[in-house]
Amino acid sequence: QVQLVEFGGGLVQPGGSLRLSCRASGTLYSINPMGWYRQAPEKERELVATITTSTNTNYADSVKGRFTISRDYAGKSVDLQMNSLKPEDTAVYYCNYTRVGTDYWGKGTLVTVSS
């Protein structure tokens with residue numbers, strides 16, 4: 001079993017920065033991807049970024065150049081550095097770990113971008 005806990009959400013002004021962190025417990029393998037997804041009000045959950053190794057990352061077009069995903073060497077934590085935040089980035093952000101077709105999710109952390 002895998003448990004994921006997110007940290008770091010909050011209120012930030014447009015153009016500001018936030019860093020989200022996700023800590024995992026249980027049996028994880030660094031070969032399997034971890035990532036961040038988000039869900040805005042009345043919208044479907046969407047991919048933000050995923051990572052396996054430090055050089056194997058994937059980003060949604062909407063966050064490329066603004067967000068950076070990173071993962072620790074043991075593969076048990078994943079961070080998301082978010083810069084140049086926009087109001088449309090407002091959402092609940094969820095940490096994800098995928099293994100053998102099974103998705104594990106955290107409970108989410110709210111990011112609000114507003115002046």
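Since the structure is predicted, the reported quantities are computational estimates derived from the model, not experimental observations.
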Does a donor on one side chain sit under 3.5 Å from an acceptor on the other, for Asn32 and Tyr97?
-> yes
May I have all residue pairs that pass salt bridge (Lys or Arg N to Asp or Glu O under 4.0 Å) and include part of residues 7-24, sequence neighbours excluded?
-> Arg19-Asp79, Arg23-Asp79
Which residues share a side-chain contact (heavy atoms from CB on, under 4.5 Å) with Glu88, sequence neighbours left out | Lys86
Going from CE on Met82 to CG on Leu18, what distance comes out if it is rounded to the nearest 0.5 angstrom?
-> 4.5 Å
Contacts of Thr27 meeting side-chain contact (heavy atoms from CB on, under 4.5 Å) (sequence neighbours excluded), chain-then-number -> Tyr29, Arg99
Keeping to residues at least two apart or across chains, list the disulfide (SG to SG under 2.5 Å) pairs with something in residues 58-93.
-> none
Taking the side chain as C-beta and beyond, is there a heavy-atom pair between Thr68 and Leu80 under 4.5 Å?
-> no
Contacts under 3.5 angstrom, residues 108-115 side chains, donor-acceptor by atom type, not counting sequence neighbours:
from, atom 1, to, atom 2, distance (Å)
Thr109, OG1, Gly9, N, 3.2

Student check: side-chain heavy atoms of Cys22 and Val5 closer than 4.5 Å | no
Residues Trp36 and Leu20: closest non-hydrogen pair is CH2-CB, 3.7 Å
With sequence neighbours excluded, what pairs up with Tyr37 under the ring-ring contact (aromatic ring centres under 6.0 Å, His included) test?
-> Trp105
By side chain to side chain donor-acceptor pair (under 3.5 Å), Asn83 pairs with (sequence neighbours left out) Ser17, Gln81
Taking all atoms of both residues into account, what is the closest heavy-atom pair of Ile69 and Met34, and its distance?
-> CD1-O, 4.3 Å
Using a 4.5 Å side-chain heavy-atom cut-off and chaining through intermediate ILVMFWY residues, the residues clustered with Leu11 come out as none
Measure across Leu4 and Ala24 and return the closest heavy-atom pair with its distance rounded to 0.1 Å.
-> CD2-CB, 3.5 Å
Scanning both residues in full, the closest heavy-atom pair of Tyr59 with Phe67 reads CE2-O, 3.2 Å
Quick one: which residue pairs count as a side-chain hydrogen bond (donor to acceptor under 3.5 Å, both in side chains) with a foot in residues 39-51, not counting sequence neighbours?
-> Arg38-Glu46
Which pairs pass salt bridge (Lys or Arg N to Asp or Glu O under 4.0 Å) with one or both residues in residues 27-36, sequence neighbours excluded?
-> none
Joint cluster assignment, Tyr73 & Leu28, ILVMFWY side-chain distance < 4.5 Å = no
Residue pairs fulfilling salt bridge (Lys or Arg N to Asp or Glu O under 4.0 Å) with at least one residue in residues 100-115, sequence neighbours excluded = none
Report yes if some heavy atom in the side chain of Tyr104 is under 4.5 Å from a heavy atom in the side chain of Asn96; otherwise report no.
-> no
Can you name the side chain to side chain donor-acceptor pair (under 3.5 Å) partners of Ser84, sequence neighbours left out?
-> none
